[in-house]
Amino acid sequence: MENIIEINNLSFKYPEQNQLFDNLSLSIEAGKWTAILGQNGSGKSTLARLVDGLLEAESGTIRVAGLEVNDDNLQLVRNQIGMVFQNPEDQFVGATVEDDVAFGLENREQPRQQMQLVVKESLEAVGMWEYRNRIPASLSGGQKQRVAIAGILAIKPKILILDESTSMLDPKGRQEIIDLVKEIKEKEELTVISITHDIEEAAIADRIVIINKGTVVADKTPIELLNREDFLKKYELETPFTTKLLSSLKELGISVPDKYLNDEELISWIKKSLSQK
């Protein structure tokens with residue numbers, strides 16, 4: 001498949017700080033889910049903002065859907081991207097949930113009748129239509145993120161960027177948002193980029209890129225990466241629960257698979273092992 005984002009020889013630094021990116025190159029494949037992992041200050045959120053044109057690089061190029069990110073193409077590039085931030089309240093501009101989802105469509109001068117249909121479809125897709133007359137600030141954290149995602153669905157981007165968008169949610173809310181994004185990704189054929197430090201969220205991605213101090217230190221599939229406890233600890237990343245459990249079983253002398261298993265795969269392996277006893 002083709003790359004929908006191409007980053008070549010990117011350099012960037014914040015004023016009065018050390019160089020963050022120095023000739024960074026990275027590509028994102030269309031239609032895939034890419035998780036970008038790293039601790040605070042690693043550069044992962046900065047990279048998302050550079051891709052969306054919220055920050056300007058010192059040198060190098062970024063192309064989104066064939067368009068170079070620059071002043072001339074900025075609006076066209078942003079039409080391709082929807083971003084959900086850590087705190088969705090930073091994105092809310094409407095007095096009600098319905099108004100907020102309609103905001104992006106109004107900016108694009110969509111006819112009112114068509115806009116009403118799109119808003120309804122988008123809110124129904126995230127299970128928030130019944131809350132359409134509520135004030136966004138009155139919603140729970142998970143509901144706010146659903147509304148933010150609905151606003152993005154309404155403008156039909158090709159790329160969805162989740163910038164630490166589940167980090168403020170409890171485990172149940174986090175899982176609900178992840179499941180929702182998985183469903184929407186398949187239905188809309190979106191490219192998803194999740195900026196996160198949550199290993200469990202990254203585990204569902206097609207590909208994991210780890211950034212440390214502005215440098216790509218790993219670029220692999222979850223199966224290739226997430227059973228490497230020492231490597232994850234080196235970059236202060238949490239080891240998945242399933243990997244910890246398999247490691248503990250191995251220390252007890254039990255023969256275990258030499259690869260990463262997600263929750264479902266681990267349960268299946270345990271059941272199969274017990275049936276053979």
How far apart are the C-alpha atoms of Leu225 and Tyr260, what are their side-chain angles, what is the distance that settles it, and do they pass the side chain to side chain contact (heavy atoms under 4.5 Å, CB included) test? CA-CA 8 Å; Leu225 184 63; Tyr260 168 74; over 6 Å; no
Cluster overlap [X] with [Y], hydrophobic side-chain contacts below 4.5 Å:
X      : Y      : result
Val216 : Leu37  : no
Ile195 : Ile199 : no
Leu261 : Leu237 : no
Met128 : Leu169 : yes
Leu55  : Ile81  : yes

Pair [X] + [Y]: basic N to acidic O under 4.0 Å:
X      : Y      : value
Lys259 : Glu224 : no
Asp22  : Lys13  : no
Asp163 : Lys44  : no

Does the side chain of [Y] come within less than 4.5 Å of [X]'s, by heavy atoms?
X      : Y      : answer
Glu201 : Ser194 : yes
Leu160 : Ile193 : no
Leu26  : Leu47  : yes
Glu176 : Arg146 : yes
Thr166 : Leu162 : no
Trp269 : Val256 : yes
Val147 : Val101 : yes
Val97  : Asp100 : no

Above 12 or not: heavy atoms from other molecules or residues under 6.0 Å from [atom1] of [X]?
X      : atom1 : result
Lys185 : NZ    : yes
Glu189 : CD    : no
Lys250 : NZ    : no
Tyr235 : OH    : yes
Glu56  : CD    : no
Ile135 : CD1   : no

Side chain to side chain contact (heavy atoms under 4.5 Å, CB included) assessment of Leu50 paired with Asp52: CA-CA 5 Å; Leu50 285 161; Asp52 195 45; over 6 Å; no
Nearest atoms (heavy-atom pairs only) where [X] meets [Y]:
X      : Y      : result
Phe12  : Ala57  : CD1-CA, 4.2 Å
Phe21  : Gly214 : CD2-O, 3.2 Å
Glu164 : Thr196 : OE1-CA, 3.7 Å
Ser167 : His197 : CB-CE1, 4.5 Å
Lys182 : Ile204 : CD-CD1, 3.7 Å
Lys144 : Leu139 : CE-O, 3.1 Å

Derivation of the side chain to side chain donor-acceptor pair (under 3.5 Å) call for Ser140 and Gln143: CA-CA 5 Å; Ser140 70; Gln143 290 170 336; 3.3 Å; yes
Using modelled atom types and a 3.5 Å cut-off, is there a donor and acceptor pairing between side-chain atoms of [X] and backbone atoms of [Y]?
X      : Y      : answer
Thr221 : Arg207 : no
Thr215 : Val217 : no
Glu200 : Phe241 : yes

Supply the atom-to-atom distance [X] [atom1] to [Y] [atom2], rounded to the nearest 0.5 angstrom.
X      : Y      : atom1 : atom2 : value
Ile184 : Glu186 : CD1   : CD    : 11.5 Å
Ile178 : Gln145 : CD1   : CD    : 11.5 Å
Leu74  : Leu54  : CG    : CG    : 8.0 Å
Glu236 : Gln39  : CD    : CD    : 5.5 Å
Arg134 : Arg132 : CZ    : CZ    : 12.5 Å
Ile7   : Ser25  : CD1   : OG    : 8.5 Å

Between [X] and [Y], is any side-chain donor less than 3.5 angstrom from a side-chain acceptor?
X      : Y      : value
Asn3   : Glu6   : yes
Ser268 : Glu265 : no
Glu98  : Gln116 : no
Glu58  : Ser11  : no
Asp99  : Thr96  : yes

Kindly confirm or rule out a cation-pi arrangement of Lys120 over Trp129, judged by NZ or CZ under 6.0 Å from the six-membered ring centre and within 45° of its axis? yes
Could you check Val209 against Ile211 for side chain to side chain contact (heavy atoms under 4.5 Å, CB included), going step by step and ending with a plain yes or no? CA-CA 6 Å; Val209 175; Ile211 294 181; 4.2 Å; yes
Please step through side chain to side chain contact (heavy atoms under 4.5 Å, CB included) for the pair Thr191 and Lys158, ending with a clear verdict. CA-CA 6 Å; Thr191 300; Lys158 293 181 179 179; 5.9 Å; no
Apply side chain to side chain donor-acceptor pair (under 3.5 Å) to residues Glu229 and Ser247 and explain how you reach the verdict. CA-CA 9 Å; Glu229 284 190 85; Ser247 179; 3.0 Å; yes
